[in-house]
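Worksheet: one structure, shown below.
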Amino acid sequence: MPELPEVETVRAGLEKYVVGKRINNAESFHARATKSNSIAPLSSSIGAQIKSVKRRGKFLWFDLDRDYVLVAHLGMSGQLLVQPQTNSFQPHLRAKFELSGGGRSKSEIRFIDQRTFGWLAIEELINGVPSSIKNIALDPFEIDFNLKQVVSNIKRRKSAIKPAILNQSILSGIGNIYADEALWRAKIHPEIICEDLSEDEIKKVLTSAIYVMKSAIKAGGTSFDEQYKNVNGESGYFSRSLKVYGREGEPCPRCRSEIRRIAFANRSSHFCPRCQR
DNA sequence: CAAACTACCTGACTGC
DNA sequence: TGCAGTCAGGTAGTTT
């Protein structure tokens, strides 16, 4: 599910409700909720205070007053909700973290994940990021993100442009929705080979992705169904602003040609055959 | 090394 | 109604 804008919406929500709280109890309900490379069980977070909530691309982590952090990836269907402990459990509840404070109405972080591609882990920081994120490139909203460098990296590649911008080791955060939206905005066909694009065209694709993701963050992310929610369990509104994703057969908002969907690199790609040659 | 492919899951939906 | 097939926003590991 969630791409950078959805994960950022979740991060901001967590920051609002959990920073400064202590983890009074932690429980896991599913073996795959804890990633196999976790250096300790989730229960080792018990007693820790949450100092901040960070993000790179689609990865989240909680800084603790410890020498390790609690990392989360939502995969395709993961949610992190902050709820009163008295609320009844959702289906697919995989783990929960009870929080201090709040008097009688104590809250907890709940990790819910239908498809179990998401995970949590206890990890050490290496150069300021969790160890499992060492191969994940900077996302475009990080201070040190270098647009020029990413453009020249992509310019040298022999793959199509779409898989390149989905490759989290080149830049992180873009997923299938925002890739299609960025390519539509930049008027670039998803199957064009990177080498055959000019640096300006590649730059246009990336600045389009940044623009679309910024707009999506403002709208609280994209929700199609029950699989993406912010920490309060609310859906985002960006799906109504999508121009091509999920709009096969509808007219292109720019030229009225019929939007097409093709299967490509094991995913759907939506594009306008007239605007994106 | 880069690129392409596969595996990992559950559930909603479609067409017969 | 039931059943097989398809599809879904992700990453990681293996093969070429």
Side-chain angles (χ1 to χ4, degrees), chain A residues 1-10 29-38 55-60 71-80 90-94 111-121 123 130-137 139 152-183 190-195 209 212-213 216-217 219-230 235-239 241-242 244-249 261-270:
Chain A
M1 100 35 168
E3 307 182 29
L4 187 153
E6 292 73 41
V7 178
E8 173 56 24
T9 303
V10 170
F29 305 109
H30 194 292
R32 271 191 301 279
T34 309
K35 204 184 181 196
S36 59
N37 69 353
S38 182
R55 181 187 59 71
R56 166 169 291 180
K58 306 168 195 171
F59 292 76
L60 276 175
V71 191
H73 195 288
L74 302 177
M76 296 280 253
S77 57
Q79 299 176 22
L80 286 167
Q90 290 79 1
H92 314 302
L93 178 70
R94 305 306 185 198
F111 176 57
I112 294 143
D113 188 15
Q114 179 205 109
R115 291 175 70 185
T116 71
F117 288 169
W119 49 263
L120 302 169
E123 296 184 21
S131 55
S132 68
I133 298 175
K134 62 183 186 300
N135 299 323
I136 302 299
D139 73 53
S152 62
N153 179 337
I154 292 176
K155 173 72 183 154
R156 280 181 258 121
R157 292 181 179 262
K158 297 173 195 341
S159 76
I161 182 67
K162 184 170 172 188
I165 60 173
L166 288 172
N167 184 334
Q168 306 293 302
S169 67
I170 301 174
L171 81 166
S172 66
I174 300 175
N176 205 38
I177 297 175
Y178 298 107
D180 282 0
E181 294 298 310
L183 290 164
E191 291 179 295
I192 298 180
I193 303 302
C194 296
E195 275 186 331
V212 175
M213 291 196 291
I217 290 168
T222 300
S223 307
F224 299 118
D225 52 25
E226 293 305 301
Q227 302 300 358
Y228 163 69
K229 297 289 176 79
N230 70 11
S235 296
Y237 292 102
F238 196 67
S239 58
S241 306
L242 297 175
V244 284
Y245 187 87
R247 298 198 184 281
E248 180 184 19
R261 180 172 77 96
I262 55 172
F264 155 54
N266 281 327
R267 328 200 64 161
S268 293
S269 287
H270 310 76

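Within every chain, numbering begins at 1; the chains are lettered A, B, ... in the order of the sequence lines, protein sequences first and strands thereafter.
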Tell me: [atom1] of [X] to [atom2] of [N], nearest whole Å?
{"X": "A:Phe117", "N": "C:dG13", "atom1": "CZ", "atom2": "P", "result": "14 Å"}
{"X": "A:Arg267", "N": "B:dT6", "atom1": "CZ", "atom2": "P", "result": "15 Å"}
{"X": "A:Arg115", "N": "B:dA12", "atom1": "CZ", "atom2": "P", "result": "12 Å"}
{"X": "A:Ile154", "N": "B:dA3", "atom1": "CD1", "atom2": "P", "result": "11 Å"}

Need one value for [X]: base, sugar-phosphate or nothing, where a base atom within 4.0 Å counts as base even if backbone is also close, heavy atoms only.
{"X": "A:Arg261", "answer": "sugar-phosphate"}
{"X": "A:Tyr178", "answer": "nothing"}
{"X": "A:Asn266", "answer": "base"}
{"X": "A:Ser268", "answer": "sugar-phosphate"}

- Mind running a 4.0 Å heavy-atom check of residues 161-169 of chain A against DNA chain C and sending the residues that fall below it, in number order?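 The answer is A:Gln168.
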- prompt: A:His73 vs A:Trp119 aromatic rings, parallel, tilted or perpendicular, using cut-offs 30° and 60°?
  reply: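 Ring orientation, 0 to 90° scale: parallel.
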Select one nucleotide: of B:dC9, C:dG10, C:dA12, the one nearest the side-chain heavy atoms of A:Ile136.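 Within the option list, the nearest is C:dA12.
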- Task: Would you mind telling me which of B:dA4, B:dT10, C:dG10 lies closest to the side-chain atoms of A:Ser159?
- Result: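 The listed nucleotide nearest to A:Ser159's side chain is B:dA4.
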Which value, in whole Å, describes the distance between the P atoms of nucleotides B:dC9 and C:dT14?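 Comparing P positions in B:dC9 and C:dT14 gives a spacing of 16 Å.
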Can you check the distance between C:dG9 and B:dC13, where both ends of the measurement are the P atom (answer in whole Å)?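 These two P atoms come out 16 Å apart once rounded.
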| Side-chain donor-acceptor pair present, A:Tyr228, A:Ser77, cut-off under 3.5 Å |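 Distance-only check fails for A:Tyr228 and A:Ser77.
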Counting Watson-Crick and G-U wobble pairs whose two distances are both under 3.5 Å, find the runs of 3 or more in a row that involve DNA chain C.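 Counting only runs of 3 or more consecutive pairs, the stems involving DNA chain C are B:2-8 with C:10-16, B:10-16 with C:2-8.
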Next on the checklist: Applying salt bridge (charged side-chain N to carboxylate O under 4.0 Å, His left out), can you list everything that pairs with A:Arg157, at least two apart in sequence or on another chain?
Outcome noted: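 Expected list: none.
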Check: Are any of the side-chain nitrogens in A:Arg55 or A:Glu8 under 4.0 Å away from the carboxylate oxygens of its partner?
Finding: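 Salt bridge: yes.
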Q | CA sep, side-chain torsions, deciding dist, call: A:Lys162, A:Asp180, salt bridge (charged side-chain N to carboxylate O under 4.0 Å, His left out) | A | CA-CA 8 Å; A:Lys162 184 170 172 188; A:Asp180 282 0; 2.7 Å; yes
### Single hit among A:Lys158, A:Lys155, A:Arg156 for salt bridge (charged side-chain N to carboxylate O under 4.0 Å, His left out) with A:Glu195
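Between A:Glu195 and the candidates, salt bridge (charged side-chain N to carboxylate O under 4.0 Å, His left out) is satisfied uniquely by A:Lys158.
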